[in-house]
Amino acid sequence: MDKKLIERINELAKKKKTLGLNAEEQAEQKQLYAVYLSEIRAQFDSTLDNVSIKQEDGSVVPFKSAAKKKNNK
């Protein structure tokens, strides 16, 4: 994750608490949050790709396929 992105998010959050943000800064903050959340979601999705679950029958399946089977029941 880009360190400058996080620094700018923190700058805007601090300014919002102390002075408030103008419309341009609010739009920038909203856009930065969207980028940040998409990166977090991508990291989480990548982590789930590396997680496996041991089934009751002893077989090991990737988490995503096990979750799909459980949701389809």
Side-chain angles (χ1 to χ4, degrees):
M1 188 162 310
D2 187 21
K3 187 174 181 176
K4 289 183 180 183
L5 172 79
I6 294 172
E7 288 174 357
R8 183 63 181 154
I9 289 172
N10 289 335
E11 287 173 13
L12 290 171
K14 185 176 180 180
K15 185 175 180 185
K16 182 178 180 179
K17 287 181 183 179
T18 57
L19 303 173
L21 299 175
N22 61 34
E24 184 179 300
E25 290 169 330
Q26 288 176 347
E28 179 187 6
Q29 185 182 45
K30 187 175 182 178
Q31 188 264 337
L32 291 174
Y33 282 153
V35 170
Y36 177 77
L37 287 175
S38 70
E39 289 184 19
I40 293 295
R41 288 180 179 123
Q43 288 176 0
F44 185 75
D45 195 44
S46 176
T47 299
L48 288 181
D49 287 339
N50 295 315
V51 174
S52 298
I53 296 180
K54 187 172 184 179
Q55 300 290 321
E56 291 177 7
D57 65 2
S59 64
V60 177
V61 296
F63 175 80
K64 289 183 178 181
S65 64
K68 285 179 186 177
K69 287 179 185 176
K70 186 174 183 178
N71 290 333
N72 290 333
K73 285 185 179 181

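Position 1 is the first residue of the sequence, and the numbers go up from there. If you're wondering where the values come from, they're calculated on a predicted model, not measured in any experiment. As a basis for the values below, the full set of heavy atoms in this structure was taken, side chains included, without hydrogen atoms, waters or symmetry mates.
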S.K.: Got a sec: does the CD of Glu24 have more than 12 other heavy atoms crowding it under 6.0 Å?
M.R.: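 It does not: Glu24 CD has 12 such atoms or fewer within range.
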S.K.: Minimum heavy-atom separation for Leu12 and Leu21, please, with both atom names.
M.R.: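 Of all heavy-atom pairs spanning Leu12 and Leu21, the closest is O-CD2, 3.7 Å.
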S.K.: Donor-acceptor pair, distance only, cut-off 3.5 Å: does the side chain of Glu25 make one with the backbone of Asn22?
M.R.: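 Pair found, side chain donor or acceptor close to backbone of Asn22.
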S.K.: Could you see if Phe44 belongs to whatever hydrophobic cluster contains Leu37? Use Ile, Leu, Val, Met, Phe, Trp, Tyr and a side-chain cutoff under 4.5 Å.
M.R.: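 Per the 4.5 Å side-chain linkage, Phe44 and Leu37 are not co-clustered.
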S.K.: Starting at CG of Asp2, measure out to CD of Glu39 and round the result to the nearest 0.5 Å.
M.R.: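 It is 7.5 Å, given to the nearest 0.5 Å.
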S.K.: Do Leu32 and Ile6 share a hydrophobic cluster (ILVMFWY, side-chain heavy atoms under 4.5 Å, transitive)?
M.R.: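 Leu32 and Ile6: one cluster.
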S.K.: Does Asp45 have any salt bridge (charged side-chain N to carboxylate O under 4.0 Å, His left out) partners at least two apart in sequence or in another chain, and if so, which?
M.R.: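 Asp45: salt bridge (charged side-chain N to carboxylate O under 4.0 Å, His left out) contacts with Lys64.
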S.K.: Ile40 and Phe63: same hydrophobic cluster, using ILVMFWY side-chain contacts below 4.5 Å?
M.R.: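 Different hydrophobic clusters.
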S.K.: With rounding to the nearest 0.5 angstrom, report the CG to CD distance, Leu5 to Glu7.
M.R.: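 That separation rounds to 9.5 Å.
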S.K.: I'd like to know if the side chain of Thr18 reaches the main chain of Lys14, judged simply by a donor and an acceptor atom lying under 3.5 Å from each other, with no hydrogens or angles considered.
M.R.: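 Pair found, side chain donor or acceptor close to backbone of Lys14.
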S.K.: Heavy atoms only: give me the nearest Tyr33-Ile9 pair and the separation to one decimal.
M.R.: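 For Tyr33 versus Ile9, the nearest heavy atoms are CE2-CG2, 3.4 Å.
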S.K.: Any donor-acceptor pair under 3.5 Å linking the side chain of Ser46 with the backbone of Ala42?
M.R.: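 Flag not set: sc Ser46 to bb Ala42 has no pair under 3.5 Å.
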S.K.: In this structure, which one of Lys16, Lys15, Arg8 forms a salt bridge (Lys or Arg N to Asp or Glu O under 4.0 Å) with Glu28?
M.R.: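 Going through the options one by one, the only one that passes is Arg8.
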